[in-house]
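Heavy-atom basis, side chains included; hydrogens, waters and symmetry copies ignored. To find a chain, count down the sequence lines: A is the first, B the second, and so on, and within it residues start at 1.
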Amino acid sequence: MGGSLRGLFYATAVTAIVAVAIVVGSRNLAHFDGALVGYTFAVLFAAFGITYRYSIWLQRPPTALYWRRGWQVFFRPKYLLHNIVHWPKRVFTDFAFNKFIFRRGRGRWIAHLLIMWGCLLAVAITFPLVFGWIHFETFADNLSWYRVYIFGFPTFSFPVYSIVGFFIFHGLVWASIIVICGVVIAMRRRLRDHAAGALQQFGEDFVPLILLFAVSVTGLMLTASYSWMKGSGYEFLAMLHAISVIFTLLWLPFGKFFHIFQRPAQLGVSFYKEVGKFEPKAKCRRCGEEFASQMHIQDLIEVEKQLGYRYEIGSGIEHYQWICPSCRRCLFAISQGKLWQ
Amino acid sequence: MSVPDNLGFFIDPNRCIGCQSCVQACSECDTHKGKSMIQLQYVDRSSSIQTVPVVCMHCSSPTCAEVCPSDAIKRTEDGVMQTARKPRCIACSNCVLACPFGIPKMQTELEMMMKCDMCYDRSSVGKKPMCATVCPSQALFFGTKEEIEKLRPRSQVSNEFKFGKQIIKTKVHIMLPKFTPTKVLDVTAAMHEPVVDKNFDLESLLDNFEV
């Protein structure tokens with residue numbers, strides 16, 4: 001099967017699974033809110049696009065190899081226990097806390113943390129609601145109490161006019177405020193930082209921030225409309241909000257947002273590097289110093305061959321990849337210097 | 001913004017005096033604040049004071065970018081290979097190990113690769129990269145081809161390098177002797193070359209040295 005065809009197959013399969021999950025989870029659409037159908041189709045399109053791009057990405061020679069190798073080293077019996085113990089720690093420090101971004105810069109870290117957690121909170125609330133997986137019902141004999149149904153099963157209940165109710169019903173307000181704070185910090189950096197100014201691109205770096213800001217602000221305006229403005233302009237605002245959300249969902253597979261799905265590869269790489277520390281080392285065939293794991297060098301040679309590179313050399317060295325980076329820099333100077341002699 | 005077509009980067013390792021000015025200046029660059037991306041390499045510290053300043057050569061067929069599993073290394077339209085895109089780089093070190101010139105640096109604590117980007121905030125507006133601005137011996141030179149040819153009448157510029165069977169073409173040029181018949185610098189041909197000429201007798205030279 002060709003690469004594109006395989007991508008189409010996986011994308012169709014995942015989209016179908018999401019669609020079936022929506023139908024089943026909403027009890028044959030019994031709890032599905034027809035007013036939210038636009039969002040549903042945008043999610044299905046995003047699922048298709050993301051899976052297609054992910055599949056194509058995974059077929060690149062280096063990605064394919066490290067994807068495979070990441071799983072292999074994780075399940076290698078010798079290191080399995082070590083990997084299982086370290087897995088939650090990495091998930092917490094790298095993904096929940098974004099420790100690596102913290103080291104890159106405090107402002108960048110705060111902005112990312114706010115945007116990430118704000119979006120996660122919003123997704124956790126809206127997706128199940130849109131899919132009809134969660135809905136609320138009042139008690140038959142007491143209209144001031146709500147019961148939460150998950151996948152059609154009754155769960156906990158709470159009084160409508162209570163602190164719990166206030167926090168639950170305004171979940172998206174909190175998410176919006178968190179995201180807006182993050183977007184403002186990120187936007188400020190992009191507008192003031194000289195380095196960012198030289199490298200950033202409108203589509204890659206500004207559009208995601210503008211979209212998140214639009215989604216959050218239009219969402220807040222809906223709350224403002226029904227809370228303090230007697231629903232004035234609500235229909236227009238709802239349409240504006242829907243457009244911004246749907247466009248964001250449609251944008252997921254294409255731009256910067258795709259890193260959300262690429263980034264977990266960092267986990268596989270960390271296991272690969274961790275296992276590499278315990279494995280035999282590659283010694284530079286010029287200076288004799290250890291400089292990487294043998295596994296890593298052999299994998300790179302394989303990838304380079306697949307990409308069509310011809311770094312093979314004779315005289316016992318075999319492949320240029322067996323020369324350490326430091327010696328490569330030396331060779332650069334020596335080869336030029338020798339021409340002058 | 002893009003690097004003007006008439007401007008180029010020229011390296012002449014032979015002229016490097018190891019003053020480290022480039023290393024210091026590099027860390028002043030806005031695109032990698034506080035971190036020096038230049039690799040000032042001692043060729044054989046135990047027997048020679050020779051150094052070589054190695055900047056990213058900005059290959060037209062960049063091995064670093066092609067072996068990157070997360071597709072994090074991008075090239076600008078004017079052919080400058082950028083440092084790894086922060087949201088994408090997964091710190092696998094593939095680029096560090098694959099670069100034929102040994103350029104990228106893995107910033108382990110930041111979990112990302114960083115490399116020379118020709119001070120893109122400067123070069124894209126026609127200014128010299130920081131290293132070329134301060135290099136006192138012009139081992140690193142940024143300017144027009146005409147300028148460098150006038151400055152180095154005995155040299156010719158080349159941007160083709162041979163590594164085993166692989167030829168790599170770069171945006172950055174190296175200075176070669178004008179009398180050299182080939183314009184391709186065979187880097188791996190120097191694999192077994194001694195750094196210091198063993199026939200060179202320093203003691204007898206010093207004995208014969210008269211003030």
Side-chain angles (χ1 to χ4, degrees), chain A residues 57 60-63 65-67 94 100-101 103-104 108 193-195 197-199 256 259 262-263 265-266 268-270 272-273 286 291-292 296-297 300 303-304 307 309-315 317 319-321 323-341, chain B residues 1 12-14 16 29-33 39 41 43-44 50-52 54 63 66-71 82 86-88 90-94 96-103 109-112 117 120-121 124 161 163-166 174-177 180 185-193 195:
Chain A
W57 175 61
R60 293 177 70 243
T63 322
L65 192 136
Y66 291 103
W67 168 265
D94 289 349
F100 60 101
I101 304 179
R103 294 189 191 120
R104 292 176 189 177
R108 188 190 285 268
D193 189 284
H194 287 175
L199 304 173
K256 195 173 195 170
H259 84 274
Q262 274 184 322
R263 198 74 213 181
Q266 186 179 349
V269 163
S270 65
Y272 182 79
K273 286 169 88 171
R286 181 174 175 270
F291 68 102
H296 202 164
I297 297 303
L300 262 177
V303 166
E304 285 172 5
L307 291 167
Y309 283 104
R310 306 287 310 282
Y311 284 116
E312 295 86 0
I313 35 179
S315 65
I317 306 287
H319 197 281
Y320 189 56
Q321 205 56 67
I323 302 299
C324 71
S326 174
C327 278
R328 292 178 199 180
R329 296 191 288 271
C330 292
L331 288 173
F332 177 71
I334 297 168
S335 58
Q336 189 247 12
K338 292 289 173 189
L339 292 179
W340 287 96
Q341 290 177 359
Chain B
M1 292 195 299
D12 196 346
N14 256 356
C16 180
C29 179
D30 264 335
T31 53
H32 44 85
K33 302 175 193 83
Q39 302 265 14
Q41 180 73 38
V43 177
D44 183 357
Q50 188 187 352
T51 49
V52 50
V54 193
T63 316
E66 293 201 33
V67 300
C68 175
S70 55
D71 203 13
Q82 296 293 331
K86 290 183 179 73
R88 290 192 186 185
I90 52 175
C92 67
S93 293
N94 264 13
V96 176
L97 295 171
C99 171
F101 298 98
I103 304 298
E109 75 284 5
L110 306 180
E111 292 211 33
M112 64 178 284
D117 60 358
Y120 200 66
D121 58 325
S124 62
F161 301 85
F163 304 91
K165 296 172 184 167
Q166 182 67 44
I174 192 167
M175 305 309 293
L176 301 182
T180 308
L185 180 63
D186 190 347
V187 178
T188 42
M191 193 69 73
H192 301 292
E193 291 279 356
V195 175

**Message:** Pair A:Q336, B:D12 - check side chain to side chain contact (heavy atoms under 4.5 Å, CB included), show working.
**Reply:** CA-CA 8 Å; A:Q336 189 247 12; B:D12 196 346; 2.9 Å; yes

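For B:V67, the parts sitting under 4.5 Å from any heavy atom of chain A are the backbone and the side chain alike. Within the 4.5 angstrom heavy-atom criterion, atoms from both the backbone and the side chain of A:Y309 approach chain B. When heavy atoms are compared at a cutoff of 4.5 Å, B:C16 does not approach chain A at all. The contact between B:C99 and chain A is made entirely by backbone atoms, counting heavy-atom distances below 4.5 Å. Both the backbone and the side chain of B:D71 come within contact range of chain A, each with at least one heavy atom under 4.5 Å from a heavy atom of that chain.
Closest non-hydrogen pair, B:P69 versus A:T63, comes out as O-OG1, 2.7 Å. For B:E111 against A:R104, the heavy-atom pair with the smallest separation is O-NH2, 3.1 Å. Closest of all the heavy-atom pairs between A:H296 and B:N94 is NE2-OD1, 2.7 Å. Taking every heavy atom of both residues into account, A:I323 and B:M191 meet most closely at CD1-SD, 3.6 Å. Nearest approach of A:K256 to B:P87, heavy atoms of both residues: CE-CG, 3.5 Å. Looking at every heavy atom in both residues, A:L339 comes nearest to B:P177 through O-CG, 3.4 Å.
Donor-acceptor pairing under 3.5 Å is recorded for the side chains of B:Q41 and A:S326.
Side-chain atoms of A:Q321 come within 3.5 Å of backbone atoms of B:L97 as a donor-acceptor pair (strictly under, hydrogens ignored). Looking at B:Q166, its side chain never comes within 3.5 Å of a backbone N or O of A:Y311 through a donor-acceptor pair. A:K338 places no side-chain N or O within donor-acceptor distance of the main-chain N or O of B:A189, the cut-off being under 3.5 Å.
Ring geometry for B:F101 against A:F332 counts as perpendicular: the plane angle is over 60°, on a 0 to 90° scale with 30° as the lower cut.
Distance SG/B:C92 to NZ/A:K273: 7.5 Å, rounded to 0.5 Å. Atom CD1 of B:I90 is separated from atom OH of A:Y272 by 11.0 Å, given to the nearest 0.5 angstrom. Between the CZ atom in A:R286 and the OG1 atom in B:T188 there is a gap of 12.0 Å [rounded to 0.5 Å]. Here the straight-line distance linking atom CH2 of A:W57 with atom OG of B:S70 works out to 6.5 Å at 0.5 Å rounding.
The residue among A:D94, A:I313, A:D193, A:L300 with the most heavy atom pairs within less than 4.5 Å of chain B is A:L300.
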